[in-house]
Number of protein chains: 2
Amino acid sequence: MTKLLTELAAIVGDAHLITDPADQAPYLRDWRGRYEGRSQAIVRPANTEEVAAVVRLCVAHGVPLVPQGGNTSLCGAATPDESGSAVVISLQRLNRIRYLDFDNDTLTVEAGCTLAEVQATAAAADRLFPLSLASEGTCRIGGNLSTNAGGVHVLRYGNARDLVLGLEVVLPDGLIWHGLRALRKDNTGYDLKQLFLGAEGTLGIITAAVLKLSPRPRSLCTAWLAVPNPEAAVALLRQFRSECGERLSAFELMSQPTLALVLRHIPGAQCPLSEVPPWSVLIELGDTRADAGLDEIAEAILAPAIESGLVLDAAIARSEAQRVALWALRENASEAQRHEGVSVKHDVSVPVSRIPEFLHRADAALLAAFPGLRIVAFGHVGDGNLHYNCSKPDADANAALIGERGDVNRIVHDLVHELGGSISAEHGLGQLKRDEIRRYKSELEMDLMQRIKSAFDPKCLMNPGKVL
Amino acid sequence: MTKLLTELAAIVGDAHLITDPADQAPYLRDWRGRYEGRSQAIVRPANTEEVAAVVRLCVAHGVPLVPQGGNTSLCGAATPDESGSAVVISLQRLNRIRYLDFDNDTLTVEAGCTLAEVQATAAAADRLFPLSLASEGTCRIGGNLSTNAGGVHVLRYGNARDLVLGLEVVLPDGLIWHGLRALRKDNTGYDLKQLFLGAEGTLGIITAAVLKLSPRPRSLCTAWLAVPNPEAAVALLRQFRSECGERLSAFELMSQPTLALVLRHIPGAQCPLSEVPPWSVLIELGDTRADAGLDEIAEAILAPAIESGLVLDAAIARSEAQRVALWALRENASEAQRHEGVSVKHDVSVPVSRIPEFLHRADAALLAAFPGLRIVAFGHVGDGNLHYNCSKPDADANAALIGERGDVNRIVHDLVHELGGSISAEHGLGQLKRDEIRRYKSELEMDLMQRIKSAFDPKCLMNPGKVL
């Protein structure tokens with residue numbers, strides 16, 4: 001054992017310093033198998049003080065640090081590079097629910113709690129923690145906050161950033177910033193917590209957070225709608241927002257090929273309408289009142305919309321089982337694609353008003369450049385966020401396409417940029433888009449980011465090779 | 001004219017360079033007359049490029065800059081110091097509404113638009129821009145964003161920070177950061193806009209912003225409630241939040257002495273209940289649906305609350321005139337105090353759950369230290385934000401109290417700090433609390449703020465003497 005490893009073991013205990021290659025493996029490879037790195041060791045500190053001690057020690061040795069939560073990043077943000085110089089800090093043992101403040105509607109949790117545990121704790125207190133996404137059983141709240149996670153309820157409740165009142169952070173020099181405030185108003189200088197939210201661990205390690213809770217909905221209305229085109233989806237979104245206000249908690253769009261894949265590959269999946277529509281919209285309304293009459297409200301909006309052709313067909317879930325079945329169609333979109341091989345994926349956003357233009361122009365440009373391309377488009381249209389994935393049905397042709405992924409990316413990302421959009425709406429940059437972003441962000445903005453990085457982490461030891 | 005002034009005139013035109021002392025005066029004194037400074041000149045650029053040129057010129061001359069919007073700061077954030085070395089940049093001519101994106105629910109405005117103009121533009125498009133505060137006819141949106149303004153609807157819609165998707169900023173080196181994004185999801189690195197929001201012009205000058213709009217409520221229910229104590233107010237807040245969700249758009253608390261002052265000094269003010277209650281709560285529910293039945297919802301919550309003694313009495317506004325009258329009671333709280341002379345004011349926040357403890361302990365400690373003190377407490381209890389103002393009814397005694405304002409502050413702020421609160425909830429630090437904050441914020445946090453300041457404004461020319 002090197003001196004560093006001996007000292008790390010003295011901090012976290014022998015049982016929580018992992019040096020054996022086989023035991024390290026799960027921490028060194030991202031869950032999709034896209035990134036695989038090496039490390040000197042994995043350390044699993046038990047609390048904030050141990051995290052701070054580990055950081056101080058590594059900094060003293062000039063050793064890079066890679067913070068890791070549930071290791072569910074979609075862009076390699078939590079995987080070390082191949083040099084083997086880094087130490088991976090797993091936050092999984094910082095998993096205490098510290099404090100529920102009932103009258104303040106806040107929950108203080110440690111970074112290593114899974115998102116599902118946070119949700120369950122809120123639910124047990126008759127509250128809602130609204131962040132919700134596919135990996136919620138595995139991902140950890142520290143990672144969610146470090147990537148400013150999005151998900152299916154951003155339309156109503158905002159991104160992860162919007163759900164945080166305070167943070168505790170171990171800084172790159174090993175000092176602990178005690179910013180666990182539980183205040184809804186605090187105008188006493190720069191809002192430091194905003195820097196760590198979405199920084200993907202490059203400015204410090206989030207060890208705990210004060211989260212805002214919301215009232216729990218007591219009635220829900222979930223419906224599957226057929227619309228003729230993306231323009232109709234945007235018009236319908238406007239109408240639901242205008243008439244339902246915050247009740248509208250999800251508005252998801254799904255193209256015909258996407259739904260077809262789900263119906264083909266997911267056992268038990270059934271089309272809720274008589275035929276697979278050109279475009280599907282999944283909406284959900286939620287209300288704190290048990291007697292909110294949400295079905296009637298939805299029907300009152302849908303009847304004239306069907307009359308005018310804005311909506312082609314509609315099915316409202318009449319039971320919890322039906323509601324779960326509708327959501328499963330949406331949630332299995334990624335899983336269904338996997339059955340047909342790898343695809344070139346994009347996680348993009350544009351202003352909601354530009355969604356139709358984006359889809360028409362991206363489709364046309366890609367089909368011209370890659371004849372026979374299959375485009376699987378779906379996403380959180382209420383947030384202007386689309387997952388836009390490209391593949392070819394034939395395996396050999398698809399392998400060739402994957403080899404040209406850079407050209408596919410270029411067409412999609414150039415258009416996104418032209419429309420004032422973002423090439424990473426909710427997944428972050430990580431390793432995946434670290435070079436790509438330099439093409440689209442101004443030099444000035446990259447310079448401002450670099451100035452912040454240098455001000456906080458002058459030795460550049462916090463999650464190097466990510467973001468910047 | 002000095003060389004600097006000649007060059008400034010060349011940028012903005014002679015008509016918009018103000019050097020005459022009498023003409024400068026309104027820009028050099030804050031509206032409450034608490035701060036008065038001097039400047040080389042007031043410049044009134046017409047657009048972002050002129051702002052940038054002014055900044056570059058002043059930086060080249062080593063001249064400090066003080067950005068100013070509507071000059072309605074409550075903490076001297078927009079007033080130059082007494083040295084006379086600074087140039088004041090008024091943003092009032094940057095007053096164009098640039099773009100309304102109907103389908104994206106966003107409005108792009110320049111910094112010099114008044115808050116009322118922004119609200120009116122949204123209303124004309126059947127939308128709501130929810131930021132609302134006493135100075136809305138005069139304050140400018142750039143100032144609102146630079147101070148992360150709060151107001152009466154934060155409970156539902158958040159602070160100014162939460163209403164912004166993108167910013168255009170002239171940086172301290174005179175470069176323009178084009179960050180006018182209109183995206184609800186964008187995870188491509190550090191969220192730079194957050195740094196400028198609430199920075200009180202110390203990191204750059206906000207010249208334009210993309211604002212989020214909300215659906216416009218079509219029905220409202222406004223009620224004045226009597227409660228026995230702050231504990232009852234917090235319990236009632238919890239109940240309304242739980243049962244009404246986002247419908248609850250205001251929850252304001254007002255002590256007996258506060259309402260008594262309003263009734264005494266504001267012409268036409270009438271108590272809506274048979275007697276002035278120990279504590280009053282003003283609630284407002286809003287719904288996008290015209291047939292939302294808000295009165296019935298409120299009554300259904302209030303009936304058992306009155307039965308159990310949580311609420312002593314209640315009056316629901318039955319007309320728009322009555323609604324306006326109830327709000328006037330709350331909105332005239334500050335004005336009514338002015339009629340009885342100056343007071344020692346506090347703008348503090350604590351977790352909502354600590355509001356009762358704060359009020360009981362602060363009252364007890366202050367009355368022990370300053371017998372005969374009149375405490376006027378009111379505020380946005382839904383946000384944990386109280387305006388807590390102290391005076392003595394007798395003019396001489398009050399003058400003595402004002403002389404001891406530091407001791408009054410100490411009692412209040414020490415308690416706020418002990419309860420995990422903030423000594424400036426919504427007004428900012430400005431000049432007023434620049435020293436005071438050093439007592440309560442950790443050295444580490446001050447150091448982090450200073451590192452950001454140095455990274456953005458190494459010459460320290462942007463609004464010096466404010467915040468840091």
Side-chain angles (χ1 to χ4, degrees), chain A residues 101 103-104 106 147-148 150 154 159 162 175 177-178 181-192 194-195 198-199 215 234 238 241-246 287-289 349 351-353 383-385 420-429 437 441-442 444-445 448-449 451-452 455-456 467, chain B residues 101 103-105 147-148 150 154 159 162 175 177-178 181-192 194-195 198-199 215 234 238 241-246 287-289 349 351-353 383-385 420-429 437 441-442 444-445 448-449 451-452 455-456 467:
Chain A
D101 186 338
D103 281 338
N104 197 42
T106 49
T147 56
N148 185 29
V154 171
N159 294 290
D162 304 301
L175 292 176
W177 176 50
H178 297 284
R181 288 167 201 137
L183 303 173
R184 283 175 176 72
K185 285 183 174 172
D186 176 20
N187 279 346
T188 54
Y190 310 153
D191 191 357
L192 295 176
Q194 304 290 351
L195 282 175
V234 170
R238 194 175 62 196
R241 280 265 297 168
S242 169
E243 299 195 25
C244 299
E246 292 97 335
D287 198 302
T288 47
R289 302 192 62 77
S349 65
V352 174
S353 51
D383 317 320
N385 177 196
S422 166
I423 66 160
S424 185
E426 56 177 9
H427 296 166
L429 297 176
I437 193 64
K441 243 189 226 302
S442 68
L444 175 62
E445 186 155 341
L448 292 174
M449 284 169 55
R451 286 192 232 169
I452 293 166
F456 278 66
V467 184
Chain B
D101 187 338
D103 280 338
N104 197 41
D105 263 340
T147 55
N148 184 29
V154 172
N159 294 289
D162 305 301
L175 293 176
W177 175 51
H178 297 283
R181 288 168 202 138
L183 304 173
R184 283 174 176 73
K185 284 183 175 171
D186 176 22
N187 279 346
T188 55
Y190 310 153
D191 191 357
L192 295 175
Q194 303 291 350
L195 281 174
V234 170
R238 195 174 61 195
R241 280 264 296 167
S242 169
E243 300 196 22
C244 299
E246 292 96 336
D287 200 302
T288 47
R289 301 193 62 77
S349 66
V352 174
S353 51
D383 317 318
N385 177 197
S422 166
I423 67 161
S424 185
E426 58 177 8
H427 296 167
L429 296 176
I437 194 62
K441 245 191 225 299
S442 68
L444 175 61
E445 185 155 342
L448 292 173
M449 284 169 53
R451 285 192 232 169
I452 294 166
F456 279 66
V467 183

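In what follows, every chain begins at residue 1, and chains take the letters A, B, ... in the order their sequences are listed.
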Taking C-beta and beyond as the side chain, do Glu243(B) and Thr288(A) meet within less than 4.5 Å on heavy atoms?
no
Measuring heavy-atom distances to chain B, does Thr147(A) have an atom under 4.5 Å in its side chain, in its backbone, in both, or in neither?
backbone
Which answer fits Arg241(A), side chain, backbone, both or neither, if we ask what part of it has an atom under 4.5 Å from a heavy atom of chain B?
both
Is Asp186(A) in contact with chain B via its backbone, its side chain, both, or neither, using a 4.5 Å heavy-atom distance?
both
Engaged part of Asn159(A) at the chain B interface, taking heavy atoms whose separation is under 4.5 Å
side chain
Heavy-atom proximity to chain B below 4.5 Å, by part of Leu444(A)
side chain
Would you mind reporting whether Leu183(A) and Pro351(B) have side-chain heavy atoms less than 4.5 Å apart?
yes
CG-CG distance between Leu429(A) and Asn187(B), expressed to the nearest 0.5 angstrom:
8.0 Å
Side chain of Ser349(A), backbone of Lys185(B): donor and acceptor closer than 3.5 Å?
yes
Winner by heavy-atom pair count (cut-off under 4.5 Å) against chain B, out of Asp101(A), Ile423(A), Val467(A):
Asp101(A)
Heavy atoms, side chains only, cut-off 4.5 Å: are Leu195(A) and Asp191(B) in contact?
no
If the threshold is 4.0 Å, N to carboxylate O, is there a salt bridge linking Arg289(A) and Glu246(B)?
no
